[in-house]
2 protein chains.
Amino acid sequence: MPVTAPSLATAQQPGIASHAGGKDALAQRVILLLDRLSRLTRELQFAGGLNPAQWEALRFIAQANKYSRSPTALAEYLGATKGTVSQTLIALENKGLITRCKKTCDRRQVDLCLTDAGQAMLARDPMQTLEQASLEIADELGAEMVKGLTRLLHDLQARHQVVEFGVCQECSLFCVNSGNGSLDGADGACGSTGEAIDAVEKSKICINYKTVS
Amino acid sequence: MPVTAPSLATAQQPGIASHAGGKDALAQRVILLLDRLSRLTRELQFAGGLNPAQWEALRFIAQANKYSRSPTALAEYLGATKGTVSQTLIALENKGLITRCKKTCDRRQVDLCLTDAGQAMLARDPMQTLEQASLEIADELGAEMVKGLTRLLHDLQARHQVVEFGVCQECSLFCVNSGNGSLDGADGACGSTGEAIDAVEKSKICINYKTVS
DNA sequence: GGGCTTTGGTATCGGGTCGATACGATGGAA
DNA sequence: TTCCATCGTATCGACCCGATACCAAAGCCC
């Protein structure tokens, strides 16, 4: 019966943490809910002939900027080893969903790109059913959810040393185009590499992201 | 580097759904956050010599009532097959964390119980680090989070037919003890089996849970 | 320029999980 | 008793993934 995982159906569960106060009960409940959601989403991602790791890789490649579309960046993002990621990528390439081209600047590096089939596959991302669900609650609860989940994630990251990923244009290294000649046509530049960043790239995920401190 | 998974660090990500309205952007962000949390929590649960499935089984056994401490119930709860669950349970028994005893009423069935070592292990549940984190946000955001996550879960369940699990005392079959003789000392009874339910049992998870309709 | 180290990726191996299938055992019904 | 449904287990195989070893390209230092 490997269909989908069930979950607790009640809105209140006073008994789970019977010895604790209301605050602890809430915390316990959050954990339980995340646990269930986790399992459900994992199961959802066995659709379309791909496995969860492959779906996540596909999503990452679509969202990563030019510094991050590499096996190593993906490995850090997923918390997996390079070898593991390599296999995932080979599988995706064999299915015709991505291409792997050697970069010209450094011929060791591999540039990962979505093919048209890959784009089409992303349009059938099983996580979109989750998106449907969250759309319906977005109006009243969306902002709070994002706030809470974000904080949860940060707290968790703080407890384990974890590589930060973030959007290019919010990086402390990002320089807005001030109008001098060298960056004409670009929206800004990376303070680390000095390269121009265009409008598309600047809103993507970068492996070199640094929080403004 | 199989340590822990990274995650997006920014609070705002306008670019992920650049073509969409604010509502869609929120939904996308929720998905991304859940995705990351999912991966992180999964990785957390490889601690203590157990794997995620084993931790989940341990937690379930601790929280399940007498009708639900069985391999079949666990299989439904986890969305796994009986065979798979059987292996998980064997592993837990070999580690001395649970016992498997044949029930007296129906000798086909197996009653799962935590040992003292199992209880002790649960006290070191890696998900408790998540609890620490949620405790800190419980005050301002806990209630909203629970509400949102619960709705998300329900929406998801509705889209896939999924067995409902819930707490005994909130089940539509639960009968509060009205004071007649047969249930003296008990808090109530199960309307399906007719058996008495005591205070401890009534707040546990039951596989036969039915929503009040 | 010759080594040496470092870094990005890949190939191969083996352990472990999990689903599928088949099976044994018990209980219930005719 | 006989058949069948149900609970649970055993066995097999596919697949995921980490570990290790390895190759190729780049950087360093003399």
Side-chain angles (χ1 to χ4, degrees), chain A residues 1-5 39 42-43 45-57 61 64 66-95 98-112 207-208, chain B residues 1-5 39 42-43 45-57 61 64 66-95 98-112 207-208:
Chain A
M1 59 188 64
V3 206
T4 35
R39 178 162 283 275
R42 182 174 168 77
E43 198 143 342
Q45 291 184 93
F46 277 101
L50 300 184
N51 65 34
Q54 289 166 4
W55 277 115
E56 289 180 273
I61 294 171
K66 60 182 173 184
Y67 302 128
S68 312
R69 284 189 292 267
S70 69
T72 299
L74 180 55
E76 287 190 38
Y77 187 77
L78 296 181
T81 60
K82 289 185 300 176
T84 299
V85 165
S86 191
Q87 292 177 78
T88 298
L89 294 174
I90 288 171
L92 288 177
E93 189 178 32
N94 287 342
K95 292 174 202 285
I98 64 168
T99 57
R100 298 191 291 169
C101 319
K102 290 207 178 275
K103 283 191 180 171
T104 51
C105 51
D106 182 341
R107 303 233 322 284
R108 287 173 305 181
Q109 293 185 47
V110 168
D111 193 34
L112 305 171
I207 191 182
N208 297 127
Chain B
M1 58 187 66
V3 206
T4 34
R39 178 163 282 276
R42 182 174 169 76
E43 198 143 341
Q45 292 185 92
F46 278 100
L50 271 54
N51 65 34
Q54 290 166 5
W55 277 115
E56 289 180 272
I61 294 171
K66 59 182 173 184
Y67 302 126
S68 312
R69 283 190 291 267
S70 69
T72 300
L74 179 56
E76 287 191 38
Y77 186 76
L78 295 180
T81 61
K82 290 185 299 177
T84 300
V85 166
S86 191
Q87 292 177 76
T88 299
L89 294 174
I90 289 170
L92 288 177
E93 190 178 31
N94 287 342
K95 292 175 202 285
I98 64 167
T99 58
R100 297 191 291 171
C101 319
K102 291 207 178 276
K103 284 191 179 171
T104 51
C105 51
D106 183 341
R107 304 235 320 285
R108 287 173 305 182
Q109 293 184 48
V110 168
D111 193 35
L112 304 171
I207 191 181
N208 298 126

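To find a chain, count down the sequence lines: A is the first, B the second, and so on, and within it residues start at 1. All heavy atoms count here, side chains included; hydrogens, waters and symmetry mates do not.
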For [N] and [X] - does any side-chain N or O of the residue sit under 4.0 Å from the phosphate oxygens OP1/OP2?
X: B:Thr72; N: D:dG8; answer: yes
X: B:Arg108; N: D:dA5; answer: no
X: B:Arg107; N: C:dT26; answer: yes
X: A:Arg100; N: C:dT10; answer: yes

Could you check A:Leu89 against A:Val110 for side chain to side chain contact (heavy atoms under 4.5 Å, CB included), going step by step and ending with a plain yes or no? CA-CA 11 Å; A:Leu89 294 174; A:Val110 168; over 6 Å; no
Whole-Å gap separating [atom2] ([N]) and [atom1] ([X]):
X: B:Leu78; N: D:dG8; atom1: CG; atom2: P; value: 14 Å
X: B:Gln109; N: D:dA5; atom1: CD; atom2: C1'; value: 13 Å
X: B:Lys103; N: D:dC7; atom1: NZ; atom2: P; value: 11 Å

Between A:Arg100 and A:Ile90, the two heavy atoms sitting closest are NH2-CG1, 3.4 Å
Might you point out which heavy atoms bring A:Val85 and A:Pro71 nearest each other, and give the distance in Å? CG1-O, 3.7 Å
Just verifying a value: how many Å separate B:Ile61 CD1 and B:Ser70 OG, rounded to the nearest 0.5 Å? 10.0 Å
For A:Thr104 and A:Val85, find the nucleotide of DNA chain D closest to each by heavy atoms; which residue's nucleotide sits nearer the 5' end? A:Val85
Taking only the side-chain heavy atoms of B:Asp106 (C-beta and beyond), determine which of D:dA24, C:dG27, D:dT9 contains the nearest atom. C:dG27
Any base atoms under 4.0 Å from A:Ile90, or only sugar-phosphate, or nothing? Heavy atoms, all strands. sugar-phosphate
I'd like a table of atom pairs between the protein and nucleotides 1-4 of chain C - only N or O on both sides, under 3.5 Å - with the distance next to each one.
none

Under the rule for salt bridge (Lys or Arg N to Asp or Glu O under 4.0 Å), what residues qualify as partners of A:Arg107, not counting sequence neighbours? none
Identify the pairs formed between an N or O of the protein and an N or O of nucleotides 14-17 of chain D at a distance under 3.5 Å, and give each distance.
from: D:dC16; atom 1: OP1; to: A:Asn51; atom 2: ND2; distance (Å): 2.9
from: D:dC16; atom 1: O5'; to: A:Asn51; atom 2: ND2; distance (Å): 3.2
from: D:dC17; atom 1: N4; to: A:Gln87; atom 2: OE1; distance (Å): 3.4

